[in-house]
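Right, one structure below, let's go through it.
Counting convention: from 1, in listed order, for ligands and their atoms alike. Just so you know, these numbers come straight off a predicted model, no measurement behind them.
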Amino acid sequence: MSAHHWIDVAVQTPAHSPIGGLLSYRSPFSVHLGQLVRVPLGKREVLGVVWALRDAAPAEMPESAVRDVLGVLEGLAPLDSAWRQLVQFSAQYYQRSLGEVALAALPPQLRDLTSEQLARRLKKQNPDRAVHTTPGPALSEEQDTVLAQMASGTGPFLLFGSTGSGKTEVYLQAVERMLATDPQAQALLMVPEINLTPQLEERVRARFGSEAVVSMHSGMTPAQRLKGWLAAHAGHARIVLGTRMAIFASMPHLKLIVVDEEHDPSYKQQEGARYSARDLAVYRGRLQNAPVLLASATPSLESWHHSRPADAEDLGGRYQRLLMPSRIGKALLPKVRRVDMNKQPRRAVLSTQLVAAIQERVERGEQCMLLLNRRGYAPVLHCADCGWKSECKHCSAFRVFHKIDRTLRCHHCGLTERVPRACPECGNADIAPIGRGTEQLEEHLGELLAHVLRPDGTPVRIARIDADSTRLKGALESQLAQVHAGEVDVLVGTQMIAKGHDFRRITLVAAINPDTALFSSDFRAPERLFALLMQAAGRAGRDAAQSATSEMWVQTFHPTHALFEALKKHDYPAFAASELAERTAADLPPISHQALLRADARTQEAAQGLLNAAREALEAQLSADPSTADLVLQVSVYSAVPMSMQRVADVERAQMLLESPSRMALQKMLWHLHSVLHQVRSQPENKGVIRWLVDVDPQAI
Ligand code: ADP
Ligand code: ZN
Ligand code: ZN
């Protein structure tokens, strides 16, 4: 027997590296699977995860070329097989290298610490696993039923519950019951964006004691992230509360996964490995035998479809659907009012009825919330004489006019310039904004409501919350706190304010201009709009005492559109049924499965050239081999087209869609595509290509 141990180690490698991120090393000491080690890579020393133990030296290279492991991270238990399998699956499914996914799933600081520094961190850990549970409220009948169904089933569960039906309370009680039955058990609670819901974090900490809970999200410092990760990995943290990245937390005793607002697009990572944390939650739950609870008032059509009940022709979906239709305390959902903008004066931003309704609410001391999905003052600046528009010279987009600092800003590449005094083309001094953003809406409201007084005789207070107003750290928190404290009467903002907040005093919510999403080229736009409007409506009348008079206003040029009809009845199932019928007729997800191949290049021709070359090579290769010829029939590969945002920061972007009724066939196709792309990319005619990437189950097309 040799005194050496031969091992394969996952290390950080470039995205599409052909070695897949596993490298062979020799270890002078014995190591375990999943152990964290330091290894040499080129001239550097890097962190790696022991991925496989070998019986003998790798045959592909001379023994003398195999380098030695430099050391083991002492004091850290190996990453368990479930974690490794999750990483392996993610890398494979989302078409990235194993090493990239594995290393991205670890806290960055782990790479840089010396053994002494790590030992010090480990010594500071608090191994107290006790949870201190403050009792929650007595459950409603619906909450009780849902928890009983969870206890007697295996899941995955889809909790379809109205806004304000007490879903959060269900999560907390489910966690509490599970922690009580097993002194080691851990729960993972996932939320779309933590900074939007600081209330939830407080609620969880107040319920279980701060010691038992760790947070994981991108707003944390590297030191905080390491500390939280270590606590979860050691099993000390009983509850991990986090955004999508938390799906990769090492939790050896994971026994429950909750995904709040499961429909939210921010569960999909938009760079690197483009994983869906919601989908991985379902995979991980099955892997670790942990029930998974997905929850929403407007579930994704995917989850809705997966939880369809069985009928005569259909065995039904594999998720169990749980229902909580009523709001807590018998609070009613707001009355939905549609304003036909065809009957308003041309160019009216706010209808006269809506302004009157806002005034009435303010005078009664109630709060209103106005949603407009465009920040800045106006989306375009325009010269009526020569037709000049404030285009961005680097992107296929207009620069937005921000009046506050008199700039034109590109929201895609960031290019910012002072507003010109006169038209840069013809010198006309009279250049004017077209369209409206939140900044202008705030200004406009200020004028319309200038004479309006609150019950105590003081003037109305208007505030705006969007990406501009919240740029500084802590700004969002303090602005939200003002709304909660009743220091704001009318709140204007983007969708940022529609999500999740438990505002108690808002009785009127209005969507100012939601129509654009009705006619978008993205087939998911209506689903997004419906979810957003239902969410927004859910911010009104959360206090039962005021719910009977609460209202959701929709200003639209298409008041009889089916989407608004369903919204008026708060009827998500009706909306979902009609959307699913359309998706079925058009063979779109969730009936079919999609992947996008994207290429970026200096020219559009080069970007499309790579994609089309890959497509031809792929079809030629597959058709030539009888064992793969079938795939060509099962997966449609469309021609390359420019992306809808065709140029960003001087980079031309093109995409190619792959679609199949079979997820498996699509996966096989992507596997073949991967190797084809490596060949095609290295051909001289594709030199101009900057990068390519694959997006599996893309959220936008
Ligand atoms: P959702 O997550 O469905 O929007 P929440 O869980 O936030 O709803 O509940 C809405 C409000 O009702 C919260 O203020 C919450 O504290 C309260 N609540 C939830 N469950 C109960 C209950 N069983 N008894 C009394 N109040 C409750
Ligand atoms: Zn001009
Ligand atoms: Zn730009």
Side-chain angles (χ1 to χ4, degrees), residues 134-147 159-176 189 191-192 197 199-204 206-207 258-262 293 295-299 322-331 333 381-400 407-417 420-432 484 498-505 534-545 547 645-651 653:
T134 328
L139 292 178
S140 73
E141 220 175 289
E142 288 177 1
Q143 288 171 327
D144 237 354
T145 307
V146 159
L147 283 159
L159 172 55
F160 169 48
S162 300
T163 49
S165 61
K167 294 187 291 298
T168 311
E169 193 55 42
V170 168
Y171 318 152
L172 299 181
Q173 300 260 355
V175 169
E176 186 181 327
L189 185 48
V191 292
T197 45
Q199 275 182 319
L200 176 65
E201 186 169 356
E202 276 165 38
R203 216 163 138 189
V204 176
R207 185 66 67 86
V258 176
V259 183
D260 186 26
E261 309 289 7
E262 66 87 32
L293 177 65
S296 176
T298 50
L322 311 173
L323 306 174
M324 294 210 308
S326 319
R327 278 184 142 183
I328 290 291
K330 306 235 165 20
L333 284 164
L381 212 54
H382 172 242
C383 167
D385 276 5
C386 76
W388 172 84
K389 287 194 175 111
S390 56
E391 272 159 8
C392 176
K393 43 181 186 276
H394 306 296
C395 307
S396 44
F398 293 111
R399 281 174 302 159
V400 174
T407 56
L408 288 177
R409 284 188 225 157
C410 175
H411 288 180
H412 301 279
C413 72
L415 175 69
T416 302
E417 281 173 355
R421 273 174 207 287
C423 171
E425 294 289 325
C426 73
N428 171 18
D430 196 16
I431 46 179
H484 286 295
K499 289 187 184 178
H501 308 290
D502 193 12
F503 295 128
R504 308 302 297 179
R505 301 161 200 247
M534 287 281 277
Q535 278 290 324
R539 300 314 109 209
R542 292 178 78 82
D543 188 341
S547 69
M645 264 302 293
Q646 180 176 332
R647 192 164 51 102
V648 171
D650 289 325
V651 172
R653 310 172 336 151

Lys/Arg N to Asp/Glu carboxylate O, Glu417 vs Arg409, below 4.0 Å: no
Short N/O/S contact of Cys410 with the Zn ion (ligand 3) (below 2.8 Å): yes
Evaluation steps, side-chain contact (heavy atoms from CB on, under 4.5 Å), between Trp388 and Leu381: CA-CA 8 Å; Trp388 172 84; Leu381 212 54; 4.3 Å; yes
Worked check of side-chain contact (heavy atoms from CB on, under 4.5 Å) between Ile431 and Asp385: CA-CA 9 Å; Ile431 46 179; Asp385 276 5; over 6 Å; no
Polar contact flag, side-chain donor to acceptor under 3.5 angstrom, Glu142-Ser326: yes
Sidechain N-carboxylate O distance under 4.0 Å for Glu425, Lys389: no
Side-chain touch Val146/Met324, heavy atoms, less than 4.5 angstrom: yes
Ionic contact status for Glu202 with Arg207, cut-off 4.0 Å: no
Angular separation of Cys392 SG and Cys413 SG about the Zn ion (ligand 3), given to 10°: 110°
Contact residues of ligand 1 (heavy atom under 4.0 Å), by chain and number: Pro137, Ala138, Leu139, Ser140, Gln143, Ser162, Thr163, Gly164, Ser165, Gly166, Lys167, Thr168, Glu169, Arg203, Ile328, Asp502, Arg504, Arg542
Proximal protein heteroatoms (N, O or S) of the Zn ion (ligand 2), under 2.8 Å: Cys383 SG, Cys386 SG, Cys423 SG, Cys426 SG
For Thr416 against Gly414, the heavy-atom pair lying closest together: OG1-O, 2.8 Å
Stepwise salt bridge (Lys or Arg N to Asp or Glu O under 4.0 Å) check, Glu261 with Lys167: CA-CA 10 Å; Glu261 309 289 7; Lys167 294 187 291 298; 5.9 Å; no
Stepwise side-chain contact (heavy atoms from CB on, under 4.5 Å) test for Val648 and His394: CA-CA 6 Å; Val648 171; His394 306 296; over 6 Å; no
Heteroatom test (N, O or S) for His412 near the Zn ion (ligand 3), limit 2.8 Å: no
Step-by-step side-chain contact (heavy atoms from CB on, under 4.5 Å) determination, Met645 to Arg653: CA-CA 8 Å; Met645 264 302 293; Arg653 310 172 336 151; 3.4 Å; yes
